[in-house]
Number of protein chains: 2
Amino acid sequence: MSNLDATFSALADPTRRAIIARLAEGELALSKLAEPFDMSLTAVSKHVGVLSDAGLVEVDKRGRTRHCRLRAEQMQDAFEWLNGYQQFWHDQFDALARHLAPTGQGDKA
Amino acid sequence: MSNLDATFSALADPTRRAIIARLAEGELALSKLAEPFDMSLTAVSKHVGVLSDAGLVEVDKRGRTRHCRLRAEQMQDAFEWLNGYQQFWHDQFDALARHLAPTGQGDKA
DNA sequence: CATTTAATCAACTAATTGGTTGATTTTGTC
DNA sequence: GACAAAATCAACCAATTAGTTGATTAAATG
């Protein structure tokens, strides 16, 4: 599975995006991380597993707890992929704007 | 399903990203669009359906053909979501850099 | 009108996903 | 040593996904 496959598919779940948002505020033990979610610890653990497989989260064992921290850099490729189309949607927007409100001097000014 | 759910999950498939890449070069009839892919037309049609449900592609009927065009603006929310973490991974990178090569004058210069 | 082309539909399959529960393992604490 | 807490494991379930094939519909063309 490509990096992008794993990243985008990890980000496609709202629980996992919420996990990322929580971890952005700092490292958390799994049980603390799981608290706000209305599902079993097992379920959260699986989500963390998906994020970890995608490289978005790092888990390290400390005693009986597992500490999770965000590896935000791993989102870069996905970001860059989307960024490649940003110019495209700006162009589309510009084209639409020119179509709706032609000034007749857009090219010169 | 949230917008982000649909967008990220649509982007999680390599065939669908390839479809987007093709459409970025211009509008295409479904059969033309499907040509390079090693799968049935039905399969490609389903992928286009997923992209269309996510608002990433627009399909319009013309005679017996279906013409597909990219709606790149629909990627903006996903882009912005990721962008919110860009600062975060830059910070992490900077922190690492300071850790590896402390110059002692990084703050002043 | 007969044929070909574009596409969808319906039905099926195998694999994956997101969740559950109950039992177990490991670790810290009284 | 006994107990509570943190987490995993194993098994299961229902829904979804990515693909297939064969039949059908609809439009263009000889």
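Only a predicted model underlies this, so the values are computations on that prediction, with no experimental measurement involved. Chain A is the first sequence line, chain B the second, and so forth, proteins listed ahead of strands; every chain is numbered from 1.
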TODO: Figure out the CZ/C1' separation between A:Arg16 and C:dG19, and round it to whole Å.
DONE: 12 Å
Open item on the list: I need the full list of ring-ring contact (aromatic ring centres under 6.0 Å, His included) pairs touching residues 50-79 of chain A, with sequence neighbours left out, sorted by first then second residue.
Closed with: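 Non-adjacent pairs meeting ring-ring contact (aromatic ring centres under 6.0 Å, His included): A:Phe79-B:Phe79, A:Phe79-B:Trp89.
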Task: For B:Gln74, all residues meeting side chain to side chain donor-acceptor pair (under 3.5 Å), sequence neighbours excluded - done: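 Only B:Asn3 meet the side chain to side chain donor-acceptor pair (under 3.5 Å) criterion with B:Gln74.
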- [ ] Scan for salt bridge (Lys or Arg N to Asp or Glu O under 4.0 Å) pairs involving residues 39-48 of chain B, sequence neighbours excluded, and state none if there are none.
- [x] none
Task: Contact list for DNA chain C against residues 38-53 of chain A - heavy-atom distance below 4.0 Å - done: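 Listed by number, they are A:Met39, A:Ser40, A:Thr42, A:Ala43, A:Lys46, A:His47.
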- [ ] Please round to the nearest 0.5 Å and tell me the distance separating atom CG of A:Asp53 and atom OG1 of A:Thr7.
- [x]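 Answer rounded to 0.5 Å: 11.5 Å.
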Could you list the donor-acceptor pairs under 3.5 angstrom formed between side-chain atoms of residues 16-42 of chain B and any protein atom two or more places apart in sequence or on another chain?
from: B:Arg16; atom 1: NE; to: B:Ala10; atom 2: O; distance (Å): 2.8
from: B:Arg16; atom 1: NH1; to: B:His47; atom 2: ND1; distance (Å): 3.2
from: B:Arg16; atom 1: NH2; to: B:Ser9; atom 2: O; distance (Å): 3.1
from: B:Arg17; atom 1: NH1; to: A:Asp5; atom 2: OD1; distance (Å): 3.0
from: B:Arg17; atom 1: NH1; to: B:Leu11; atom 2: O; distance (Å): 2.8
from: B:Arg17; atom 1: NH2; to: A:Asp5; atom 2: OD1; distance (Å): 2.6
from: B:Arg22; atom 1: NH1; to: B:Lys32; atom 2: O; distance (Å): 2.8
from: B:Arg22; atom 1: NH1; to: B:Leu33; atom 2: O; distance (Å): 2.9
from: B:Glu27; atom 1: OE2; to: B:Arg62; atom 2: NH1; distance (Å): 3.3
from: B:Glu27; atom 1: OE2; to: B:Arg62; atom 2: NH2; distance (Å): 2.5
from: B:Lys32; atom 1: NZ; to: B:Glu35; atom 2: OE2; distance (Å): 3.4
from: B:Ser40; atom 1: OG; to: B:Ala43; atom 2: N; distance (Å): 3.1

TODO: For B:Val48 and B:Cys68, work out which heavy atoms get closest and say how close.
DONE: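 Looking at all heavy atoms of both residues, the closest pair is CG1-SG, 4.2 Å.
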Task: Test ring pair (Phe, Tyr, Trp, His ring centres under 6.0 Å) applied to A:Tyr85 - qualifying residues, sequence neighbours left out - done: A:Trp81
Task: Secondary structure of DNA chain D in dot-bracket form (Watson-Crick or G-U wobble, distances below 3.5 Å, | marking inter-strand pairs) - done: ||||||||||||||||||||||||||||||
Open item on the list: Can you measure B:Arg66 atom CZ to C:dA7 atom P for me and round it to whole angstrom units?
Closed with: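 So the CZ-P distance, B:Arg66 to C:dA7, works out to 7 Å.
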TODO: State plainly whether one hydrophobic cluster holds both B:Leu56 and B:Val50, where clusters connect Ile, Leu, Val, Met, Phe, Trp and Tyr through side-chain heavy atoms under 4.5 angstrom apart.
DONE: no
Task: Interface residues of residues 26-34 of chain A with DNA chain C (non-hydrogen, below 4.0 angstrom) - done: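 Going residue by residue through residues 26-34 of chain A, none turns out to have a heavy atom under 4.0 Å of DNA chain C.
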Task: Range on DNA chain D touched by chain A, heavy atoms, distance below 4.0 Å - done: D:dA4 to D:dA11
TODO: Working to the nearest 0.5 Å, report the span between CZ of A:Phe8 and CG of A:Asp77.
DONE: 9.5 Å
Task: Point-to-point distance, once rounded to the nearest 0.5 Å, from CG of B:Leu4 to CG of A:Asp13 - done: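 Answer for the CG-CG pair, B:Leu4 versus A:Asp13, is 12.0 Å.
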Open item on the list: Strictly under 4.0 angstrom, non-hydrogen atoms only: write out the protein contact profile of nucleotides 25-30 of chain C, one letter per nucleotide from the 5' end, B, S or -.
Closed with: --BS--
- [ ] Starting at CD of B:Glu80, measure out to CD of B:Gln86 and round the result to the nearest 0.5 Å.
- [x]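 Reported to 0.5 Å precision, the distance equals 10.0 Å.
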